[in-house]
Amino acid sequence: MPPIFALVDCNNFYASCERVFNPRLEGQPIVVLSNNDGCVIARSNEAKALGIGMGVPEFQIRPLLRAHKVQVFSSNYTLYGDMSQRVMETLEQFCPDNEIYSIDEAFLRLSGFTARNRTDYGHTMRSTVKQWTGIPVSVGIAETKTLAKIANRVAKRTPDTGGVFDLLACPDRDALLGRIAVHDVWGIGPNHAHLLKQHGITTAVQLQQVDDQWIRKQMGIVGLRLVMELRGVSCLDLEQCPAPKQSLTCSRAFGAFISTLTEMEEAVSSYTSRVAEKLRGERLAATVLTVSLTTNAFKDGPQYNNALTIKLPVATDHTPELIRSALQGIKAVYREGYQYKKAGVMLMGLVPVGQVQTDLFDHHDRVRSTRLMSALDGVNARWGLGALQYASSGITKKWKTQFHRRSPAYTTQWDELPVVKAG
DNA sequence: TCTGGGGTCCTAGGACCC
DNA sequence: TCTGGGGTCCTAGGACCC
């Protein structure tokens, strides 16, 4: 029996999260900004209707935001991560055969349903998620993941679907695919959209009908797979046990320019602590570390970008060891005379902690340092990330990322829980 | 003044080996 | 004049995703 996929996607996820705990935002335009309150990364429907684009710098639309009383939020990833988990746990109850694809999307395998039942089930899931979490979702159903993505798009944009659309029950699929622009197909980015357009291919239905050899030559195996998926031949299966991570990164723009090595060392040290926490959270250790730094490409003035990759002597998840290597790296690439905007620390060559190949000459007391790291992570989990920090991360931190308009961590910090007033 | 962050996969080309 | 062939591994860069 051919598979059937449903894609459940949260509507305007970050904006919806803000709304759940602040009901007076219902019906109002909302935007959520990236780190340092730089760009728009989420918009409510009302904000989209004002013509606010995805990724637009906040300063460029400031007058518009003010004129329409748009509610502006800094991003609050602690809140969004927790809300995501609630949504996914709800979906899990409906369909354990699922893949959490991103913070706001999951693919489900719906087998053994008739067409009528599928749509009904979609509506039940949708209303349950809304009732249990407050988050509105849309459901797209089809025989491949790529088509389920398209079905979801239709569900989201066509009010009379009630938020659920089953492409298998669509009487004229070609007409529908003819209305989907090729750049809106999952897997077609700006570059391939341009290439396809030059060959007269502008809609999903045209893409579906291209010659196999031609698409293989133009877009490689990925392109051919995509076209097969559009034809209803499933090539992308559910990935239920996610492959172990290959890399972990912490890279961030600074809240204020850095122009001294000391401050750069603080920032890199702080970013390394963060990525090391992620590493331990995944129960992995790293064998390769890359540090990078860059000036502001948007500004005039001297530019400098550089990165350095260091092979670690022994795979480690121990923050001080990682900081030592990162600092050694940043010293080597740092040049005086620039205004730095951003730095990053990436860990690669990840191996499960249980399988670390130790060095004959490695005298480090690993048992002791593991206990220390657990204690550190425990304190930070209890009191909030950054409660306990390494001195090398600095104290004043003028460079720290700015979040001027952040909502409370409504669901993860006792002192920030929403208060319900009796009245 | 002010422009995000974190990932994956594929491919082409070079180095190296037999 | 004439300059193999095939395999593997690694890396950098491109393209895409949310």
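Chain letters run A, B, ... following the sequence lines, proteins first, then strands; residues in each count from 1. Just so we're clear, the structure is a prediction, and the values are computed from it rather than from any experiment.
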- Message: Atom CZ of residue position A/R335 - does it have more than 12 heavy atoms of other residues, nucleotides or ligands inside 6.0 Å?
- Response: yes
- Message: Base, sugar-phosphate or nothing for A/D37? Non-hydrogen atoms, less than 4.0 Å.
- Response: nothing
- Query: What does A/I221 touch in the nucleic acid at a heavy-atom separation under 4.0 angstrom: a base, only the sugar-phosphate, or nothing?
  - Reply: sugar-phosphate
- Message: With nearest nucleotide decided by heavy atoms, which residue, A/K278 or A/F298, maps closer to the 5′ end of DNA chain B?
- Response: A/F298
- So what does A/N36 touch, heavy atoms closer than 4.0 Å: a base, only the sugar-phosphate, or nothing? nothing
- Which part of the nucleic acid, if any, lies within reach of A/I103 when heavy atoms closer than 4.0 Å are counted: base, sugar-phosphate only, or nothing? nothing
- Task: Indicate yes or no: does A/D212 engage A/R231 in a salt bridge with an N to O separation below 4.0 Å.
- Result: yes
- Message: By the 4.0 Å heavy-atom rule, please label A/R252 as base, sugar-phosphate, or nothing.
- Response: sugar-phosphate
- C/dG4 and B/dC16: how far apart are their C1' atoms, nearest whole angstrom? 16 Å
- Query: Hey, where on DNA chain B does chain A first and last touch, going 5' to 3'? Cut-off is any atom under 4.0 Å from a heavy atom.
  - Reply: B/dT1 to B/dT11
- Task: Could you check whether A/V185 gets within reach of a base, just the sugar-phosphate, or nothing at all, counting any heavy atom under 4.0 Å?
- Result: sugar-phosphate
- Kindly calculate the angle separating the two end axes of the helix from B/dG5-C/dC18 to B/dC18-C/dG5, each obtained from five base pairs, and round it to 10 degrees. 10°
- Within the structure shown, what part of the strands sits under 4.0 Å from A/F13 by heavy-atom distance: base, sugar-phosphate, or nothing? nothing
- Donor-acceptor under 3.5 Å (A/D104 side chain, A/D9 main chain): no
- Could you please spell out the steps behind the side-chain hydrogen bond (donor to acceptor under 3.5 Å, both in side chains) verdict for A/Y304 and A/Q339? CA-CA 9 Å; A/Y304 175 66; A/Q339 296 214 297; over 6 Å; no
- Message: Cation-pi check for A/F257 against A/K341: NZ or CZ below 6.0 Å from the six-membered ring centre and within 45 degrees of the axis, yes or no?
- Response: yes
- Query: Going by an N to O cut-off under 4.0 Å, is there a salt bridge joining A/E416 and A/R406?
  - Reply: no
- Keeping to residues at least two apart or across chains, list the ring-ring contact (aromatic ring centres under 6.0 Å, His included) pairs with something in residues 87-111 of chain A. A/F94-A/Y121, A/Y101-A/F107, A/Y101-A/W186, A/F107-A/W186
- Note on the structure: Of A/K299 and A/R225, the one whose closest nucleotide on DNA chain B sits nearer the 5' end is A/K299
- Message: Tell me whether A/K278 at atom NZ has more than 12 heavy atoms from other residues, nucleotides or ligands lying less than 6.0 Å away.
- Response: yes
- How would you label the contact of A/S75 with the nucleic acid (heavy atoms, under 4.0 Å): base, sugar-phosphate, or nothing? nothing
- Task: Check whether the ring centres of A/Y334 and A/Y340 lie less than 6.0 Å apart, and answer yes or no.
- Result: yes
